[in-house]
There are 2 protein chains.
Amino acid sequence: MALADRGGVDELSMRKLARDLGYEVMSLYNHVANKDDVLAGIADLVAAEIEPPEAAPARRGKAAWRAGIRHTVLSAHAAMDRHPWAVALWPSVTSGPHRLRFMEGLLRSLRAAGLPPKVAYHGYHALMMHILGFALLEQRTGLNDDNVVEAASQFLARFEGEEFPHLIEHMHQHVDASPHEDDFEFVLDVILDGLDRLRPQPA
Amino acid sequence: MALADRGGVDELSMRKLARDLGYEVMSLYNHVANKDDVLAGIADLVAAEIEPPEAAPARRGKAAWRAGIRHTVLSAHAAMDRHPWAVALWPSVTSGPHRLRFMEGLLRSLRAAGLPPKVAYHGYHALMMHILGFALLEQRTGLNDDNVVEAASQFLARFEGEEFPHLIEHMHQHVDASPHEDDFEFVLDVILDGLDRLRPQPA
DNA sequence: ACCTGAACACCGTTCAAGT
DNA sequence: ACCTGAACACCGTTCAAGT
């Protein structure tokens with residue numbers, strides 16, 4: 001995991017891992033079936049960092065139903081932020097115990113919020129997609145604002161500025177945007193608002 | 001692209017591509033800078049298949065504002081379905097002209113729908129995430145229903161069925177679900193409903 | 001039970017040599 | 001302008017040999 005955090009998942013080869021640990025390559029295979037096994041392992045370490053919905057501070061009022069959901073989703077987002085390589089691994093790797101616990105917790109919080117089974121089913125997908133998709137987009141644009149603006153303007157220049165007015169406006173919005181966290185939460189609340197429409201009002 | 005469609009992106013090595021074309025490996029480098037260039041190229045071919053919002057049939061009534069958005073988003077989803085390998089490539093590859101045109105079209109349709117700039121900005125992200133995230137999830141579960149149910153139940157059995165009641169229910173919902181297309185559209189409309197809340201009513 | 005080295009079948013890419 | 005072959009620096013993994 002430290003290796004992947006340093007140089008991305010490309011830096012994590014069996015040979016480099018072995019060297020890092022002070023052994024020869026083939027010694028690893030006494031403790032691990034293959035490379036996929038290693039990747040599944042570190043992906044589950046990321047899942048272990050995600051806090052469950054129950055860890056949310058208690059809330060009152062209209063937004064109470066979504067406190068737990070928001071907490072675990074934001075925690076998942078933060079974990080992906082700390083370990084960007086985990087996003088690409090997520091779908092391609094078999095789920096470990098911590099990930100299963102996270103999935104269970106998110107589903108539990110959706111039902112606890114009063115959503116009917118079908119809405120919870122789809123809501124789970126919507127939230128998972130938001131977590132993964134947003135992390136994917138963040139990787140692309142990069143966290144460094146200077147990079148974004150330079151790369152964007154440079155690239156757009158190649159395609160005659162006139163042809164993509166909306167795209168240029170969008171890039172400007174990216175540059176002018178305050179901390180990225182806002183973007184994630186804004187869309188999260190769009191999704192939660194959409195789900196709220198499908199939530200039967202409690203007595 | 002044909003090579004990637006056949007065996008996934010792993011099947012697409014420079015050496016295999018050259019053999020497929022009847023040349024030696026190094027001949028490719030006369031026409032292409034490197035492998036990333038090839039990947040960017042085929043990713044943009046996928047983008048070229050996405051229909052613009054203007055291709056939507058005209059609609060009347062309450063849902064008229066979202067017709068163009070829905071059309072291009074569903075078309076993008078279909079393209080990802082036809083070329084699953086494109087999902088992983090999307091964020092890691094530089095955007096080509098067709099992709100820029102698609103982005104521009106989606107942004108244009110959001111503004112045309114009457115969404116204010118800030119809502120269009122976030123709505124664009126929400127929809128892109130939905131397209132990418134959903135395709136990612138579909139890859140994981142696989143399109144074959146038999147595979148889903150078998151893999152799911154087999155895996156859950158390893159972790160004592162009692163510990164994950166909601167996860168088990170979710171798996172059952174996956175198995176009982178009708179065609180997958182429904183799931184995508186359901187969540188899409190959740191997002192669009194959320195955006196609708198932020199849309200000033202037209203005169 | 002764990003470690004090791006040689007070997008195999010692959011990669012992407014550089015570089016000098018051909019036509 | 002385009003093609004080619006040898007070579008380099010890498011991969012993950014098998015297998016036989018060590019302790």
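What's counted below: heavy atoms across the whole structure, side chains too, no hydrogens, waters or symmetry copies. Here the structure is a predicted model, which is why all the values come from computation and not from measurement. Reminder, nothing fancy here: chain letters follow the sequence lines and each chain counts from 1.
Side-chain contact between R6(A) and D20(A) is present, with heavy atoms from C-beta onward closer than 4.5 Å.
Atom C1' of nucleotide dT4(C) and atom CG of L21(A) are separated by 16 Å, given to the nearest angstrom. The nearest whole Å value for the distance from the CG atom in N30(A) to the C1' atom in dT19(D) is 13 Å. Taking atom CG of D37(A) as the reference point, atom C1' of dG12(D) lies 14 Å away to the nearest angstrom. Atom pair N34(A):CG and dT13(D):P shows a separation of 5 Å (rounding to whole Å applied). Summarising the geometry, the separation between CE on M26(B) and C1' on dA6(D) is reported as 11 Å, rounded to the nearest angstrom. Whole-Å rounding puts the K35(A) NZ to dC11(C) P distance at 15 Å.
OP1 or OP2 of dT13(D) lies within a sub-4.0 Å distance of a side-chain N or O belonging to Y29(A). Dashed line: the shortest gap from a side-chain N or O of K16(A) to OP1 or OP2 of dC11(D) is under 4.0 Å. Note on H31(A): every side-chain N or O is 4.0 Å or more away from OP1 and OP2 of dA1(C).
When the nucleotides dT4(C), dT13(C), dG12(D) are ranked by their closest atom to the side chain of R15(B), dT13(C) comes out on top. Picking from dT13(D), dG5(D), dC3(C) the nucleotide with the shortest atom distance to the side chain of E24(B) gives dG5(D). Taking the side chain of S27(A) as heavy atoms from C-beta on, and the options dC3(C), dG5(D), dA6(C), the nearest nucleotide is dC3(C).
Side-chain rings of H98(B) and F102(B) stay apart, their centers remaining 6.0 Å or farther from each other.
Across all strands, M14(B) comes closer than 4.0 Å only to sugar-phosphate atoms, never to a base (heavy-atom distances). S13(B) comes within contact range of the sugar-phosphate backbone alone, with a heavy-atom separation under 4.0 Å but no base atom that close.
Across every strand in view, dC2(D) sits in a pair with dG18(C) that passes the Watson-Crick or G-U test at under 3.5 angstrom. With a cut-off of 3.5 Å on both Watson-Crick or G-U wobble distances, the partner of dT13(D) is given as dA7(C).
Relative orientation of the F184(A) and H77(A) rings is parallel, given thresholds of 30° and 60° on the angle between their planes.
Summarising the geometry of G123(A) relative to L195(A), their closest heavy-atom pair is CA-CD2, 3.9 Å, with the distance given to 0.1 Å.
When each of R19(A) and A33(A) is assigned the nucleotide of DNA chain D bearing its nearest heavy atom, the one mapping closer to the 5' terminus is R19(A).
Side-chain contact check for H174(A) and H170(A): at least one donor-acceptor pair (N or O, by modelled atom type) lies under 3.5 Å.
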